[in-house]
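I have placed the structure first, in the form of structure tokens, so that the comments after it can refer back to it.
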Amino acid sequence: MLDLQFIRENADTVRNAIINKATGSPTLVDKVLELDELWRKTTTELQEVQTAANAEAKKIGEWMKLGLKDQAQAAIAESGRLKVALKDLEDSQRIAAESLENTLLEIPNVPHPSVPLGKLPSDNVVAFEHGPFPAFTFAPLPHWELLERHDLVDFDRGSKVSGAGFPFYKGAGARFQRALINFFLDQAVENGYVEMGAPLVVNEDSARGTGQLPDKEDLMYEAVRDGLYLIPTAEVPVTNYHRDEILLESDLPIKYCAYTPCFRREAGSYGKDVRGLNRLHQFDKIELVHFVRPEDSYQALEELRAHAEGLLQKLGLPYRRLLMCTGDMGFTQSKKYDLEVWSAGQERWLEVSSISNFETFQARRMKIRYRSKTDAKPQIIHTLNGSGLALPRIVAALLENNQKSDGSIAIPEALRSYFGSDTLISA
RNA sequence: GGAGGGGUGGGUGAGUGGCUGAAACCACAGGUUUGCUAAACCUGCGUACCUUUUAUAGGGUACCGAGGGUUCGAAUCCCUCCUCCUCCGCCA
């Protein structure tokens, strides 16, 4: 959510943001300005009547005490009239406030000036590529064939038990996941993150806080009876951890890491994109979250990116970094990088991390502020997050890139102590 | 799931219908004093919003877990919900 005053003073900037992000109509800005004016007018009127009513009530109290019954009775009658007016004004004000709020929620974050303009994925800028790319003397297999050969993941029984996109990891496959989780968490802690174990379901306020609601409810599984949502990422519970809080400047930056399963409905996908581990309804991810002072957030974005890239480098995975264009970056972000690993068996890039600065967009919804020495009032903080990393596609890339002609799969140096072996073989 | 008791400002904690946006203490910030540290004393210190011929300023409104109600007037009374604690039940 953007600051109302910012929209008042920078209406064109916001209109451009809507156009560039291709998320709605720029007339939303005019709607906000109109509703804002209405709301302020109504608020002022309401407060004037409240002032009168308060004064009246106070007089009544004093007269009663002095025994001036007649005067008190007259004032009570006057109070009754004010009360009726008050009721109407309260209703108008509430309606105006709700419309304003709902319209504000439809306005996307403003992209940072360094974000390239564009509408399509092809407009994203490949900012960096990191090898080495694996060389093969044979045709490398896609990971789903390797998984089947070594009996590491059971998709069919997952489908039977839960549905497509809910695989069982089995034997060495399950252990491999666990090794990755521990490796990622340990790296994050080494980089100064505090490890969190987070709830896997959140309430509606939390889903709204990070921007899943409104509009993206179709992405989340919902426990309707209890009004809870299964988390699509640990970002949701971990960022909401500080919702409605005023933090101390001396506590910043705050950095958390959390491993959680993630649940995504992702309706409407099919074909090669969802083959094997490429896209699942449930997957494991380690998420990194920062709470920082506004002046530090772009430095924090680069730090976060470096932490995620460091993991890929330690795993020896070839990857590239994309700077997402305005049209492909999402509603809530002001700047976003994607990291994609090269998948030799499929000969394609797979997104394994998304690293974003939200500036105040999430924090304003969540009312996360901090008290600084220089400002009299609490300031809205900046939030950022990034995957470090999402597991399934990492598993896919590791299997495909490290497969040998004899069908075995080499485990990267960095993972060996976690996995307990240098080769991944049949369970 | 059953019974009972709580939720007040950064913290502890007073406050059972008007004198309470809220005592007191702690913490924090500024100042005075003392040779440093410490202590003592003084002052300040919630948030959001509206508004004022734009202000490190004034005026106003709302907020004492959330929402509704009673009343001229609610932190205070009533209802619903959330949450915490104690006991019982169930349970990994």
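Computed from heavy atoms alone, side chains included, the values below leave out hydrogens, waters and symmetry copies. Each chain gets a letter, A, B and so on, in the order its sequence line appears, and its residues count up from 1.
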Rounded to whole Å, how long is the line connecting atom CG of A:D226 with atom P of B:rU83? 11 Å
For the P atoms, the ones on B:rC82 and on B:rC26, what distance do you get once it is rounded to whole angstrom? 39 Å
Give A:W39 one of three labels, base, sugar-phosphate or nothing, depending on what nucleic acid heavy atoms sit under 4.0 Å from its own. sugar-phosphate
If you look only at distance, which donor and acceptor atoms sit under 3.5 Å apart when one is on a side chain in residues 181-190 of chain A and the other is two or more places apart or in another chain?
{"unit_1": "A:N182", "atom_1": "ND2", "unit_2": "A:R178", "atom_2": "O", "d": "3.4"}
{"unit_1": "A:D186", "atom_1": "OD2", "unit_2": "A:Y418", "atom_2": "OH", "d": "2.7"}
{"unit_1": "A:Q187", "atom_1": "OE1", "unit_2": "A:K314", "atom_2": "NZ", "d": "2.9"}

With side chains defined as the heavy atoms from C-beta onward, is the minimum distance between A:K255 and A:V292 less than 4.5 Å? no
Can you check the A:R40 CZ to B:rC49 C1' distance for me, whole Å? 11 Å
5' to 3', nucleotides 61-69 of chain B under a 4.0 Å protein heavy-atom cut-off (B base, S sugar-phosphate only, - none) gives BS------S
Verify the contact: side-chain N or O of A:R371 to OP1 or OP2 of B:rC45, cut-off strictly under 4.0 Å; return yes or no. no
A:K377 side chain: which of B:rU47, B:rU51, B:rA48 is closest? B:rA48
Taken to the nearest whole Å, CZ/A:R364 to C1'/B:rC49 is 14 Å
Taken to the nearest whole Å, CG/A:D36 to C1'/B:rC49 is 11 Å
Scan nucleotides 72-77 of chain B against the protein and return all N/O pairs shorter than 3.5 Å with their distances rounded to 0.1 Å.
{"unit_1": "B:rC72", "atom_1": "O2'", "unit_2": "A:S79", "atom_2": "OG", "d": "2.7"}

